[in-house]
Protein chains: 2
Amino acid sequence: MERLTVLPERERGVCCPPTLKARPEKIEQTSEILKALADPTRLAIALCLRDAKEPVCICDFTATFDISQPTVSHHMAKLRDAGLVEVTKRGIWSFYRLAPSLPVATRRILDAIG
Amino acid sequence: MERLTVLPERERGVCCPPTLKARPEKIEQTSEILKALADPTRLAIALCLRDAKEPVCICDFTATFDISQPTVSHHMAKLRDAGLVEVTKRGIWSFYRLAPSLPVATRRILDAIG
DNA sequence: CCAATCCATTGACGTTCGTCAATGGGTTTG
DNA sequence: CAAACCCATTGACGAACGTCAATGGATTGG
């Protein structure tokens, strides 16, 4: 089913700057969230936490992914800085979970994935 | 309203690798889409195309954003490579629109934003 | 106290990214 | 044809990224 798309008529030397609905500040914020998720390992971690019933500890991720422990730690720091996850320490373990009250916009993006 | 989260009981030296629901290949694909959107300029362009009734030509974006024409062209190439947009040339103009039949997963992500 | 375990930080490395200036190709107007 | 316009590509540059090895702090078990 091919949708015919009529191209706009244009005049040389005259451009039509489109009006951006979203505020630049909002665009910036959203791109930060996307940046945090735009890595295969971090995306897998985020989805795992989204679907987990219990907080997950770092050692589990280290055992799952084929990357070193410092790299896992590095990725978690990125997710933390983006405000996507929170950490609770108990004993020698660090348990991570999705931030309990994510902005609705962020939550919507996460739910749209996978 | 604070949601009490019970941490799992753990035993030293025993990890519980979480089972990933999404296939690694799917994760990889999704992260490619997110990567394409994880830049403020490209995100603004993508949202603009998502909400536009007509295809938009490059010169309009060049007039809108505070970046050079080659940079706009570079960003459009990234969006093209990710399969997010399509281009139709007429005369001296290149008109871009969202790819007419995006994968549902991709469409869902786009709709979840802003 | 000592050893083992878990985790974060640091420093280093090669890769990718975002940007621009310069160039060239294609199209239209005069 | 010549000039103007629109756009893609190339090459270059600094910045950010993903990864690891090494180190150290904190906690627990013997």
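Just so it is clear, the values below take in all heavy atoms, side chains as well, and ignore hydrogens, waters and symmetry mates. Sequence lines set the chain letters: A, B, ... in the order given, protein chains first and strands last, and positions in each chain run from 1.
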Indicate whether OP1 or OP2 belonging to D/dG18 is found under 4.0 Å from a side-chain N or O atom of A/Arg42.
yes
Roughly how many Å is it from CD1 in B/Ile67 to C1' in C/dA21, rounded to a whole number?
15 Å
If you check every side-chain atom of B/Thr71, which of C/dG26, C/dC17, C/dC20 has the closest atom?
C/dC20
Side-chain (A/Thr30) to main-chain (A/Lys26) donor-acceptor, under 3.5 angstrom:
yes
Determine the contact category for B/Ser94: base if any of its heavy atoms lies under 4.0 Å from a base atom, sugar-phosphate if only primed atoms, P, OP1 or OP2 are that close, otherwise nothing.
sugar-phosphate
Both B/Gly91 and A/Cys59 contact DNA chain C. Which one's nearest nucleotide lies toward the 5' end?
A/Cys59
Any chance you could lay out the side-chain hydrogen bond (donor to acceptor under 3.5 Å, both in side chains) test for A/Arg97 and A/Thr88, step after step, and finish with the verdict?
CA-CA 8 Å; A/Arg97 66 178 192 277; A/Thr88 308; 3.2 Å; yes
Separation of C/dT27 atom C1' from A/Leu7 atom CG, nearest Å, is 16 Å
In whole angstrom, what separates B/Lys89's NZ from C/dT27's P?
9 Å
Using only atom types and a distance under 3.5 Å, with no angle test, would you say the side chain of B/Thr64 pairs donor to acceptor with the backbone of B/Asp60?
yes
Would you say D/dC20 has OP1 or OP2 under 4.0 Å from some side-chain N or O of A/Ser68?
yes
Measure CD1/B/Ile58 against P/C/dG26 and give the value in whole Å, please.
18 Å
For the backbone of B/Ser101 and the side chain of B/Arg107, can you confirm whether one donor and one acceptor N or O come within less than 3.5 Å of each other?
no
In terms of relative ring orientation, are B/Trp93 and B/Phe95 parallel, tilted or perpendicular, with 30° and 60° separating the classes?
tilted
Would you indicate, yes or no, if C/dA8 has its OP1 or OP2 atom less than 4.0 angstrom from a side-chain nitrogen or oxygen of A/Tyr96?
yes
Select one nucleotide: of C/dG18, D/dA8, D/dC7, the one nearest the side-chain heavy atoms of B/Cys57.
D/dC7
Using heavy-atom distances to pick each residue's nearest nucleotide on DNA chain D, tell me which of B/Arg80 and A/Cys15 is more 5'.
A/Cys15
How many whole angstroms separate atom CG of A/Asp81 from atom P of D/dC17?
10 Å
Between C1' on C/dG26 and CH2 on B/Trp93, what's the gap in Å once rounded to a whole number?
13 Å
Return the nearest nucleotide to the side chain of B/Pro70; candidates are D/dT19, D/dC5, D/dT9.
D/dT9
With a 4.0 Å cutoff (strictly under), does any side-chain N or O of A/His75 reach OP1 or OP2 of D/dT19?
yes
Base of C/dT5 paired with side chain of B/Arg12 (donor-acceptor, under 3.5 Å):
no
Tell me the interatomic distance from B/His74, atom NE2, to D/dC6, atom C1', rounded to whole angstroms.
19 Å
When rounded to whole Å, the CD to C1' distance for the pair B/Gln69 and C/dT23 reads 11 Å
For D/dG18 and A/Lys78 - does any side-chain N or O of the residue sit under 4.0 Å from the phosphate oxygens OP1/OP2?
yes
